There are 2 protein chains.
Amino acid sequence: MSAPVPRRPRRHDPGRRERLVEAALGVIAERGVAGTTHREIARAADVPLGSMTYHFASLDEVLAEAFTRHADAVARVFEERLSAARDPEEAAEAVVTLVSDDLLGSPRGLVLTVELYVAAARDPALRAVTQGWMARSRRALERHFDATTARELDALIEGLVLHSALSTDPMSPAQLRHAVHRFLR
Amino acid sequence: MSAPVPRRPRRHDPGRRERLVEAALGVIAERGVAGTTHREIARAADVPLGSMTYHFASLDEVLAEAFTRHADAVARVFEERLSAARDPEEAAEAVVTLVSDDLLGSPRGLVLTVELYVAAARDPALRAVTQGWMARSRRALERHFDATTARELDALIEGLVLHSALSTDPMSPAQLRHAVHRFLR
DNA sequence: CGGCGATATGTACGCTTGTACGTATGACGC
DNA sequence: GCGTCATACGTACAAGCGTACATATCGCCG
């Protein structure tokens, strides 16, 4: 009785490329860019190694697409929250929700963002991604605030998120609200 | 006539361990943690590969010491600038100088900091480093501001630095001053 | 329904990595 | 002076990497 070798039955998997990009994001969040390899992504998506080289020209290409997807997702939430606000007061509250719920809600997005920053420091293509993302955030804020305020507020958001993430005791929503209102007062 | 093989004459190099840690920081800044290897550090410090395994138990140990050194250096400057200020007005100006000159002055320190953040996300030992650093910064700010203000201001500084670093057009000292004073007003 | 081109798969190769370890050497205490 | 031991050095090795490529498979169009 030979061992029942589990031959891989998988075939005809449309959208596999997208699933691979998604799997790559998961691996980056869990192991970091440093621990993100063709083999690790393939394992996460349950596809053979060869599938990676078929769908992507290089590992850098996978990373670029994954980070682009991440930035786009975060920017979209940012825009939705802010476009739902009807006045500066609601906009301020939207920012608080954004930080405490969306950005600090799960460690995953946070880790991905910092990983992107590091990667962007050395890859011009990724720097374009971060810059486009920053521009979208600022534009969303400018629906409610003047350009200078928008830029400064965007920086404050960044700082609040990062600081809370690194801290042993993250700032509570009330503390975040206090900081935002103090700045906008 | 045999080729004059350049035998390595180096011997008896007290303080080599420290030089290696310093060299590691240079490599991290230039190639990132991902590109930081025993061989790369050894090359940067002009020592043989074997010297690495003699002085350090593992590569992680080198990274930990290097990042600790970096955090300490930045925190020290932070403390010096703020302890030199005599009143909140001077303290505010010290913060502006800190951000525009010390933190944004050279890309090196900035890259090292973000690399540290990423590494700390996965290494508890490094998280202790970032937390100790943050505590020192806050304590320095508390010489001039109440605890809440200190914490919020610290976050704002973080955001201003990161945002300027990622942006195509970094904020000018005047713009930074505007943001700081607006928050403290 | 037949074949062909896009997609999927397994494997091999050359390279770099972290680390271990045997040997060499010279500074320093006696 | 001399022996000893911390320090320094060169090299070897197994593991894991990105990537290339020959082969297999099957949806789709004629």
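Every value quoted in this text rests on a predicted model; they were computed, and no experiment measured them. When reading the values below, keep in mind they use all heavy atoms of this one structure, side chains included, and skip hydrogens, waters and symmetry mates.
Side-chain atoms of A:Pro48 lie closest to C:dT9 of the nucleotides C:dT9, D:dA8, C:dA27.
Pairs of residues two or more places apart, or lying in two chains, that qualify as side chain to side chain donor-acceptor pair (under 3.5 Å) and include a residue from residues 115-131 of chain B are A:Glu115-B:Arg122, A:Arg122-B:Glu115, B:Tyr117-B:Glu158. Sorted by first then second residue, the salt bridge (charged side-chain N to carboxylate O under 4.0 Å, His left out) pairs that include residues 82-99 of chain B, not counting sequence neighbours, are B:Glu93-B:Arg177. Note on residues 104-113 of chain A: pairs passing salt bridge (charged side-chain N to carboxylate O under 4.0 Å, His left out), not counting sequence neighbours, are A:Glu22-A:Arg108.
Between B:Arg16 and D:dC9 there is a side-chain N or O to OP1 or OP2 distance below 4.0 Å.
Rounded to a whole Å, the CZ atom of A:Arg17 is 16 Å from the P atom of C:dA6. Between B:His55 atom NE2 and C:dA20 atom C1' there is a gap of 16 Å when expressed in whole angstrom units. What separates OH of B:Tyr54 from P of D:dC5 is a distance of 13 Å, to the nearest Å. Rounding to whole angstrom units, NE2 of residue A:His12 and C1' of C:dA6 are separated by 11 Å. Regarding A:Arg19, its CZ atom lies at a distance of 10 Å from the P atom of C:dA8, rounded to whole Å. Computed from coordinates, the B:Ile41 CD1 to C:dT16 P distance equals 18 Å when rounded to whole Å. Per the geometry, CZ belonging to A:Phe56 stands 14 Å off C1' belonging to C:dA8, to the nearest Å.
Partners of A:Arg39 by side-chain contact (heavy atoms from CB on, under 4.5 Å), not counting sequence neighbours, listed by chain and number: A:Thr37, A:Arg43, A:Leu49. Residues passing the ring-ring contact (aromatic ring centres under 6.0 Å, His included) test with B:His70 are B:Trp133, sequence neighbours excluded.
In terms of modelled atom types and a separation under 3.5 Å, the side chain of A:Arg19 and the main chain of A:Ala45 share a donor-acceptor contact.
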Which pairs, protein N/O on one side and nucleotides 15-19 of chain D N/O on the other, fall under 3.5 Å?
{"unit_1": "D:dG18", "atom_1": "OP2", "unit_2": "A:His38", "atom_2": "N", "d": "3.1"}
{"unit_1": "D:dG18", "atom_1": "N7", "unit_2": "A:Arg39", "atom_2": "NH1", "d": "2.8"}
{"unit_1": "D:dG18", "atom_1": "O6", "unit_2": "A:Arg39", "atom_2": "NH2", "d": "3.0"}
{"unit_1": "D:dT19", "atom_1": "OP2", "unit_2": "A:Leu59", "atom_2": "N", "d": "3.0"}

